[in-house]
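One structure below.
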Amino acid sequence: MQSVLHPSSPGGRPARPAPSEYTLIFFDLETTGLDVSGCDIVQLSAVCGERTFNAYMVPRRSMGYSASFVTGFTVEGDSLLQYGRPMMTVPLQDALADFLTFLRGFHSPVLVAHNVLRFDAPILLRSLRGFSLQNELERVIPGFLDTLLLSKDLPACSRVRKFSLQYLVKYFLGKPFEAHDALEDSKALEQLCHVWNPSPMLIRRHLYTVQQIHF
DNA sequence: TGCCAGGCCCTCTTTAGGGCCTT
């Protein structure tokens with residue numbers, strides 16, 4: 001699904017001086033743990049319709065026990081394994097540069113993830129800053145859309161009491177879901193948003209610029 | 001060996017505490 005939003009003011013002029021439409025890019029990270037200020041990315045994935053991005057990296061620090069348990073990632077020597085299978089990895093800097101190139105292929109790409117405000121965005125921005133690439137992301141994307149916050153504002157979720165991605169996928173898509181693979185999670189989130197079909201007003205309400213992310 | 005996040009939100013709250021959400 002390539003989602004496009006056309007924001008406009010009551011007067012018919014664009015609500016923001018910048019882009020007149022957004023493309024929703026669903027993305028996800030798998031990391032060495034939940035420590036936002038210190039964990040490393042091991043998988044960076046994104047999807048928009050038929051176009052996907054997927055990169056694996058060997059982390060500088062060890063995988064946390066619980067992170068390994070839920071994602072299946074382990075590190076042996078200089079290799080990243082997923083469920084014991086060696087993965088093709090690239091240096092973090094290359095993955096981030098390639099990700100920016102991927103994003104440049106869309107018009108006004110908005111990065112969408114579940115709990116992106118508190119987890120994915122701060123980690124992504126911290127990683128980019130390490131290679132002086134943070135400003136480049138600011139130039140490429142209008143902002144981030146957090147589906148955790150969005151879901152709590154959706155009429156379709158008025159009876160929902162749990163808002164984890166796992167629960168929402170099971171509730172709305174009717175299938176068990178325990179992926180914890182960044183690409184699969186991104187695809188599931190895209191399907192979820194396709195079902196929700198949130199209004200442009202709701203999307204704008206939960207859109208945050210890079211400058212608004214605390215990390 | 002022992003450690004293993006943090007901020008928001010809700011309520012049986014506010015002089016607090018527990019659950020949620022991400023890996």
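Hydrogens, waters and symmetry mates are skipped; everything else that's a heavy atom, side chains included, is used.
Separating the C1' atom of dA5(B) from that of dT23(B) is a span of 11 Å, rounded to the nearest Å. Comparing dT13(B) with dC8(B), their C1' atoms sit 15 Å apart, to the nearest whole Å. Atom name P, nucleotides dG2(B) and dG6(B): the rounded distance is 22 Å, in whole Å. Comparing the P positions of dG19(B) and dC12(B) gives a spacing of 14 Å, expressed to the nearest Å. Look at the C1' atom in both dT22(B) and dC4(B): the space between them is 16 Å, to the nearest Å.
Between Asn54(A) and the options Leu183(A), Leu44(A), Val47(A), a side chain to side chain contact (heavy atoms under 4.5 Å, CB included) holds for only Leu183(A).
As judged by a 4.0 angstrom heavy-atom cut-off over every strand, Phe163(A) is placed among residues touching the sugar-phosphate backbone only. Residue Asp28(A) is in sugar-phosphate contact alone, with no base atom involved, counting any heavy-atom pair closer than 4.0 Å across all strands shown. Here Thr31(A) lies in heavy-atom contact (under 4.0 Å) with sugar-phosphate atoms only. Across all strands, Asp185(A) comes closer than 4.0 Å only to sugar-phosphate atoms, never to a base (heavy-atom distances). Here Leu29(A) lies in heavy-atom contact (under 4.0 Å) with sugar-phosphate atoms only.
Looking at which nucleotide of DNA chain B each of His114(A) and Gly64(A) is closest to, the 5′-most match is held by Gly64(A). Projected onto DNA chain B by closest heavy-atom contact, Gly33(A) and Leu149(A) fall at different nucleotides, the more 5' of which corresponds to Leu149(A).
Taking the six-membered ring where the residue is Trp, Phe99(A) and Phe53(A) present tilted rings, their angle falling between 30° and 60°.
Across the protein-nucleic acid pair, Tyr83(A) atom OH and dT23(B) atom C1' stand 12 Å apart, rounded to whole Å. Between the P atom of dT22(B) and the CG atom of Leu189(A) lies a distance of 10 Å, rounded to the nearest Å. In this structure, CD of Glu184(A) is placed 14 Å from P of dT23(B), rounded to the nearest angstrom. To the nearest angstrom, C1' of dT22(B) lies 13 Å from NZ of Lys162(A). The interatomic distance linking Arg126(A) (CZ) with dT22(B) (C1') rounds to 14 Å, in whole Å. Between Asp146(A) atom CG and dC9(B) atom P the separation is 11 Å, expressed in whole Å. We find that OH of Tyr65(A) is positioned 17 Å from P of dG2(B), with the value rounded to whole Å. A straight line from CD of Gln166(A) to C1' of dC20(B) spans 14 Å, rounded to a whole angstrom.
The main-chain N or O of Asp153(A) is never found under 3.5 Å from a side-chain atom of Arg205(A) such that the two would form a donor-acceptor pair. With hydrogens and angles disregarded, a donor-acceptor distance shorter than 3.5 Å links the side chain of Ser68(A) to the backbone of Phe73(A).
Leu154(A) is connected to Tyr22(A) through a chain of hydrophobic side-chain contacts under 4.5 Å among Ile, Leu, Val, Met, Phe, Trp and Tyr, so both are in one cluster.
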Donor-acceptor pairs under 3.5 angstrom involving side-chain atoms of residues 114-129 of chain A: please list them, not counting sequence neighbours.
| residue | atom | partner | partner atom | Å |
| --- | --- | --- | --- | --- |
| His114(A) | ND1 | Thr147(A) | OG1 | 2.8 |
| His114(A) | ND1 | Leu148(A) | N | 3.4 |
| His114(A) | NE2 | Phe163(A) | O | 2.6 |
| Asp120(A) | OD2 | Leu29(A) | N | 3.3 |
| Arg126(A) | NE | Val36(A) | O | 3.2 |
| Arg126(A) | NH1 | Cys39(A) | O | 3.4 |
| Arg126(A) | NH2 | Val36(A) | O | 2.8 |
| Arg126(A) | NH2 | Cys39(A) | O | 2.7 |
| Ser127(A) | OG | Ile123(A) | O | 2.9 |

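A sub-4.0 Å separation between OP1 or OP2 of dT23(B) and a side-chain N or O of His180(A) is present.
Side-chain contacts under 4.5 Å among hydrophobic residues (ILVMFWY), followed directly or transitively, place Phe69(A) together with Val70(A).
In this structure, Glu136(A) pairs ionically with Arg139(A), as a charged nitrogen and a carboxylate oxygen lie closer than 4.0 Å.
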Sub-3.5 Å pairs of nitrogen or oxygen atoms, protein against nucleotides 5-8 of chain B:
| residue | atom | partner | partner atom | Å |
| --- | --- | --- | --- | --- |
| dA5(B) | N3 | Leu34(A) | O | 3.2 |

